[in-house]
Colleague: 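Next up is a structure, given as structure tokens.
In this text, all values refer to a predicted model and were calculated from it rather than measured experimentally.
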Amino acid sequence: MARLFFPASPACRRCALFSPMSETADKAQHILETVFGLHAFRGFQKEVIETVASGRDALVLMPTGGGKSLCYQIPALMRDGVAVVVSPLIALMADQVSALRQLGVAAAYLNSTQTSEESQSVRQALRQGRVKLLYVAPERLVMPSMLDLLERLDIALFAIDEAHCVSMWGHDFRPEYGALSILRERWPQVPRVALTATADRNTRSEICERLLLNHRMFVASFDRPNIRYTVVSKRRNSEALDALVRLIKTEHSGEAGIVYCIKRETTERTAQKLCARGISALAYHAGLDSEERRRRQERFLREDGLVMVATIAFGMGIDKPDVRFVAHLDMPKSIENYFQETGRAGRDGEPAEAWMAYGASDIINQRYFIERSPGEPVYKARLLSKLNAMVALAETAHCRRQAILRYFDEEAGDFCGNCDNCLDPPKVIDATQAAQKFVSCLWRCTKASGHGYGAAHIINVLRGEKTQAVAARGHDRLSTFGIGRDLDEATWHRVLRALIACGDVGVDAAYHNTLTIEPPAAALLKGGQRIEVAMEPKHAAARTRRPTGAEAELSERDRPLFQLLRGWRREEALRQGVPPYIIFPDSTLREIARVRPQDMACVAQVQGMGEKRLECYGEAVLDIVRRFVSG
């Protein structure tokens, strides 16, 4: 059996580097089949692998679940020496290494979670040439002792994962990534491959400028056709939570999901409320100690049907393939963040959902954070521009997928058939007159009392609601009292949201969210601006629960065997202390359930099997199938 995870001989390396490209491609295909158990490359994977294997740098932009890891793992096995994988995900390194070892690849990691004995053992294995892929965090990589160790090794390549973190303009800037330019300076002859799922043009340029030399750029489509995008209106947090509970119970019952919140306390409160309503949920945020975060992350990776309610501290690098939904109870600060976070759903290619509750408070909070940030004016202006693009995505009455793709400079059709606006097109109304009424009412209330008011008060005045506060301030005697009775409260909130989005109305987040009239409103009052709002359908189209996982591709005949295989996988994963998907992904188990192999030769042909898995699990799988078939 081929042992491709040991260093190749110098002659073999010369063959890989200087033979015709067809031989390099043949070698890559052989590794794909025998080590990873896959039959064909996806997209431009083969071109990236050939580029890096030949010694040239590459930038790879590929959506989450698109197969980025193969773009450096296969070249690592084709080249002599050890491939150094730079990753910020210390908590996930053990699982990443376990997944490779399941395939027979000699992988290891060095990070702060190890004892001195464990660290020394890895260093010795490196010096002896017994490691093919080494995972290390950026801050450890640039330590003098680590650089000295690498100087004494034969380096096959450097793979820089989550490379967008190098850019100060990116959505997840990490200063320690900036120091990685030392790799280009000290090892100019060693190929580097920078990988990320999300980067706009400015971020791509900065990645190349800081990390790469003589590179090729590979940009895949940003489309994730299996993900359904949905945005619902949010006036109160309790309404958003009720809508989320309905979504989970009616469409994703018993399925894994991630719920993002902007504040730590909101994650705790939301997780408690979900549990109280019969949904298994955990909170995750940076306020928890590292050991507790590790335990909760491991539960999410290893258990079925768990919902993680988290801040953005959670999710980067999560390889769990069967996350069926990602929900946002608070709007992200940019489309990059939204795309990265929603991309954690449906990594297995099965139907998944990206659901977001959005309201005026989201715009208010995000603008407040930008204003309070310590950055220079040009940096704040860039953040505000990104926020405005995110608001436009949330507000659009057109195809949301089209808006996402065009943001990343990718052409898209007008109809995707898998977002809320395409499935149930909203009615768009001309709200210019209503917007003028709102601004006029706000001006009169502020002038009459000498100070500003929040949204609820102004809407009460417009709708002629003689509340105690309205009457006490005499606002029931203003000319604008009751001029907006023709619109319901929800529509007025939409009008206000549009006014905030276009800058006509401001919000003082530091003073009870009081509303202010901004200079651009002058054009609105003079008839020089048009305001449109999309109305949420009063009777939303009935949404059928789309089959996922086993239901998506298996017949009634095959589902019982699939469940037996999953049960065996769960027990095996518990025995080894690894997540179940590391043993086998669902896609492999589904193929076994359909094909029902009767000998080891047939088992070997199953997609995702590979030589090492066949050696470790082939007999067990064959025994389960035979016993099931025999009844």
Side-chain angles (χ1 to χ4, degrees), residues 2-36 38-62 66-87 100 103 105-107 129 131-135 150-151 153-161 163 166 180-196 199 204-205 207-220:
R3 299 295 184 188
L4 298 169
F5 44 86
F6 288 122
S9 67
C12 185
R13 186 183 184 194
R14 284 194 298 272
C15 174
L17 295 180
F18 302 111
S19 295
M21 193 61 74
S22 60
E23 291 189 25
T24 303
D26 289 345
K27 189 172 183 180
Q29 181 68 33
H30 179 69
I31 294 173
L32 181 74
E33 294 175 1
T34 58
V35 177
F36 296 94
L38 303 175
H39 304 320
F41 288 108
R42 287 190 284 168
F44 49 60
Q45 282 178 326
K46 185 170 76 170
E47 287 75 14
V48 176
I49 290 165
E50 291 175 351
T51 297
V52 178
S54 68
R56 188 173 176 184
D57 290 1
L59 171 60
V60 178
L61 273 79
M62 191 180 290
K68 290 188 295 294
S69 58
L70 287 180
C71 293
Y72 62 83
Q73 289 169 349
I74 290 181
L77 300 180
M78 296 172 68
R79 294 175 62 87
D80 196 15
V82 59
V84 180
V85 183
V86 184
S87 169
L100 285 169
L103 301 173
V105 177
V131 177
K132 281 303 293 175
L133 284 102
L134 175 71
Y135 285 76
L150 294 181
E151 287 281 11
L153 302 177
D154 189 6
I155 307 297
L157 60 90
F158 289 104
I160 304 164
D161 202 9
V166 77
L180 295 179
S181 59
I182 195 171
L183 302 180
R184 187 176 64 180
E185 297 162 6
R186 293 183 69 160
W187 290 276
Q189 78 285 359
V190 175
R192 288 161 297 278
V193 54
L195 309 105
T196 181
R204 296 174 209 173
S205 297
I207 292 171
C208 297
E209 181 182 337
R210 287 172 174 259
L211 301 178
L212 306 177
L213 288 170
N214 186 30
H215 66 276
R216 288 188 65 190
M217 185 180 298
F218 299 87
V219 181

Colleague: Counting only N and O atoms by type, is there a donor-acceptor contact under 3.5 Å from the side chain of R56 to the main-chain atoms of L213?
Modeller: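 Judged by distance alone, no pair lies under 3.5 Å.
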Colleague: Answer yes or no: does atom NZ of K68 have more than 12 heavy-atom neighbours from other residues, nucleotides or ligands under 6.0 Å?
Modeller: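 Counting neighbours around NZ of K68, more than 12 heavy atoms of other residues, nucleotides or ligands fall under 6.0 Å, so yes.
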Colleague: With heavy-atom distances below 4.5 Å as the criterion, would you say the side chains of F41 and I74 are in contact?
Modeller: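 With C-beta onward as the side chain, the pair touches.
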Colleague: Any idea which heavy atoms bring A163 and I207 closest together, and the distance?
Modeller: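 The pair with the smallest heavy-atom distance is O-CG1, 3.6 Å.
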Colleague: Would you say the side chain of L70 lies within less than 4.5 Å of the side chain of L38, judging by non-hydrogen atoms?
Modeller: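 A side-chain contact under 4.5 Å exists here.
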Colleague: Is any side-chain heavy atom of P75 closer than 4.5 Å to one of E50?
Modeller: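 With C-beta onward as the side chain, the pair stays apart.
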Colleague: Identify whether the distance between the nearest side-chain nitrogen and carboxylate oxygen of R216 and E47 falls below 4.0 Å.
Modeller: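 No, R216 and E47 are not salt-bridged.
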Colleague: Under 3.5 Å, is there a donor-acceptor pair between the side chain of R79 and the main chain of A53?
Modeller: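 Yes: the side chain of R79 pairs with the backbone of A53.
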Colleague: Kindly say whether R42 contributes a backbone atom to a donor-acceptor pair with the side chain of Q45 at under 3.5 angstrom?
Modeller: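 It does hold such a pair.
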Colleague: Given the rule in the side-chain contact (heavy atoms from CB on, under 4.5 Å) test, do I31 and M78 qualify, once you have shown the distances and angles that lead to the verdict?
Modeller: CA-CA 8 Å; I31 294 173; M78 296 172 68; 3.5 Å; yes
Colleague: For the atom pair CG (L103) and CD (Q73), what is the distance rounded to the nearest 0.5 Å?
Modeller: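 Between L103 CG and Q73 CD, I get 8.0 Å after rounding to 0.5 Å.
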Colleague: Would you check, one step at a time, whether the test side-chain contact (heavy atoms from CB on, under 4.5 Å) holds for Y72 with I49?
Modeller: CA-CA 7 Å; Y72 62 83; I49 290 165; over 6 Å; no
Colleague: With the side chain counted from C-beta on, respond yes when F218 and V193 share a heavy-atom pair under 4.5 Å apart, and no when they do not.
Modeller: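 The answer is no; the side chains never approach within 4.5 Å.
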Colleague: Nearest 0.5 Å, please: how far is SG in C208 from CG in N214?
Modeller: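 Output value for this atom pair is 11.5 Å.
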Colleague: Between L59 and R204, is a side-chain contact (heavy atoms from CB on, under 4.5 Å) present by the stated rule, with each step listed?
Modeller: CA-CA 8 Å; L59 171 60; R204 296 174 209 173; 4.1 Å; yes
Colleague: Measure from the side-chain N and O atoms of D57 to the backbone N and O of L212, and report whether any donor-acceptor pair falls under 3.5 Å.
Modeller: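 Checked: no pair found.
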Colleague: With no hydrogens and no angle check, is any side-chain donor or acceptor of K132 less than 3.5 Å from a backbone partner on V105?
Modeller: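 Not a single qualifying donor-acceptor pair exists.
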Colleague: Among V84, L183, D80, find the one that has a side chain to side chain contact (heavy atoms under 4.5 Å, CB included) with I155.
Modeller: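 So, applying the side chain to side chain contact (heavy atoms under 4.5 Å, CB included) to I155 and each of V84, L183, D80, only V84 qualifies.
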Colleague: Can you check whether F158's main-chain N or O pairs, donor with acceptor, with R192's side chain at less than 3.5 Å?
Modeller: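 Here the side-chain-to-backbone pair does not exist.
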Colleague: In the structure I gave you, are the side-chain heavy atoms of L211 and L180 within less than 4.5 Å of one another anywhere?
Modeller: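 In short, these two side chains touch, coming nearer than 4.5 Å.
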Colleague: Going through the distances and angles, do S54 and T24 end up as a side-chain contact (heavy atoms from CB on, under 4.5 Å)?
Modeller: CA-CA 8 Å; S54 68; T24 303; over 6 Å; no
Colleague: Quick one: list whatever passes side-chain hydrogen bond (donor to acceptor under 3.5 Å, both in side chains) with D161, sequence neighbours left out.
Modeller: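 Residues passing side-chain hydrogen bond (donor to acceptor under 3.5 Å, both in side chains) with D161: none at all.
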Colleague: Between Q29 (side chain only) and H39 (backbone N and O only), is there a donor and an acceptor less than 3.5 Å apart?
Modeller: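 Such a contact is found between Q29 side chain and H39 backbone.
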Colleague: Nearest 0.5 Å, what's the OG-CG distance between S69 and L195?
Modeller: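 The CG atom of L195 is 9.0 Å from OG of S69, to the nearest 0.5 Å.
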Colleague: Within a strict 4.5 Å, meaning less than it, do heavy atoms of the R210 and R184 side chains meet?
Modeller: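 R210 does not reach R184 side chain to side chain.
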Colleague: Please report the closest heavy-atom contact between M62 and G66, naming both atoms and the distance.
Modeller: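 Result for this residue pair: SD-O, 3.1 Å.
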